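One structure below.
Every heavy atom of this structure was used, including side-chain atoms; hydrogens, water molecules and symmetry mates were not. Remember, it's 1-based here, ligands and their atoms both numbered in the order they're listed. Small disclaimer: the values here were computed from a predicted structure and weren't measured.
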Amino acid sequence: MTSMLEIFRKELELCKVGSGQTLAVLTEDGHRQDYANAFLAAAQELGASAFQINLTRSGQGGRGDRAVGATSLAGNRPAIEALKSADIVIDLMFLLFSEEQIEITDSGTRMLLVVEPFEVLSELLPNETLRKRVEAGGERLKNARTMRITSPAGTDVTYELGKYPTLTEYGYTDEPGRWDHWPSGFLFTQGNDEGVNGTVVIGTGDIIFPLKRYVVDPITLTIEKSMVTKISGDGLDAAIMRDYMESYKDPRAYAISHIGWGLNELARWSQLATSANIGEEIGMHGRAFYGNVLFSTGPNTELGGTNDTMCHLDIPLKGASLWLDGDHIVDLGKIVPKEMQPA
Ligand SMILES: [Fe+2]
């Protein structure tokens with residue numbers, strides 16, 4: 001078996017960590033210290049300077065990918081400044097959706113989130129081909145003005161596009177200020193304010209994260225002016241979704257968040273049902289699998305919006321279809337454009 005040090009070194013090589021670069025590892029309560037040690041050692045092997053910042057979990061700390069946005073780094077000015085002084089921050093604690101993450105990446109420091117179990121990191125170690133395919137999708141998406149998504153289950157929703165940027169995630173980062181997440185393999189943007197309208201049917205086999213559930217009984221979302229205005233469905237899945245979203249007591253939880261599609265042919269839709277270690281996973285297999293349409297609700301600060309609700313659902317739709325300005329991109333879960341297909 002390839003060692004953690006070797007795998008992490010390959011990942012840092014993709015991130016162009018080397019001589020003259022400074023790498024910072026960010027941890028909380030010493031969690032994932034084995035990752036921190038391996039990243040620090042790999043960075044040193046590559047000739048980079050490296051240091052670690054370990055924070056004590058504060059009372060407002062989030063719960064991994066649930067209740068996102070509030071982190072133990074908030075208000076810790078010396079730690080934020082130290083992280084900004086690095087060329088790359090390896091985030092082992094989960095800063096996503098926080099103001100601190102935005103401040104650090106705005107300063108030109110690139111950032112890589114790493115929280116999946118080592119087995120998942122190894123299985124989904126990225127490569128330059130995946131990057132090219134995701135970037136090819138990004139080019140299409142950033143130039144598009146409308147997106148339409150349909151599915152045999154009854155989805156028919158339209159996104160007006162153009163106000164927000166397109167983000168790519170291919171699992172490594174070598175550009176100043178750019179954030180990525182290892183592993184991944186998808187791309188997304190955000191519909192214009194009030195520009196998302198229609199119906200999304202979350203059908204059998206679609207997944208709701210962070211609940212880590214395959215839907216069995218379909219849930220029908222009515223979407224008006226970029227808000228979910230009705231959650232219909234008599235089954236257990238709809239009841240759980242309604243109750244979970246209500247628990248945040250925040251009307252902004254019902255906003256439509258990012259939208260895009262998955263391109264990672266190594267990621268498996270069935271992982272949630274088959275992994276022996278699913279409790280430790282946050283579900284990047286399920287978010288990145290090839291041909292899924294990744295629909296989501298909640299915050300949009302990641303794309304420059306103002307909604308920082310802590311209720312965020314990622315919902316990979318399996319077997320859906322997607323068009324950009326009439327160009328067919330995903331056909332019933334299959335990627336249509338050649339340049340986004342694996343060799
Ligand atoms: Fe998301």
*Using 4.0 Å as the upper bound for N to carboxylate O, is an ion pair formed by E116 and R287?*
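Salt bridge: no.
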*Is the closest basic N to carboxylate O distance between E13 and R9 below 4.0 Å?*
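The answer is yes: the pair qualifies as a salt bridge.
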*Go through the steps for D91 and H181 under the test side chain to side chain donor-acceptor pair (under 3.5 Å), then give the verdict.*
CA-CA 9 Å; D91 172 17; H181 183 185; over 6 Å; no
*Would you check if there is a donor-acceptor pair between the side chains of S275 and R268 at a distance under 3.5 Å?*
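The answer is no; no qualifying pair exists.
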*Report yes or no: do Q190 and E302 form a side-chain donor-acceptor pair below 3.5 Å?*
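Note: Q190 and E302 side chains miss the donor-acceptor criterion.
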*Have a look around the Fe ion (ligand 1) and list protein N/O/S atoms under 2.8 Å, or say none.*
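Checking every protein N, O and S atom gives H258 NE2, H312 NE2, D314 OD1, D314 OD2.
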*Centroid separation Y35 to F118 less than 6.0 Å*: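 Ring centroids of Y35 and F118 are no less than 6.0 Å from each other.
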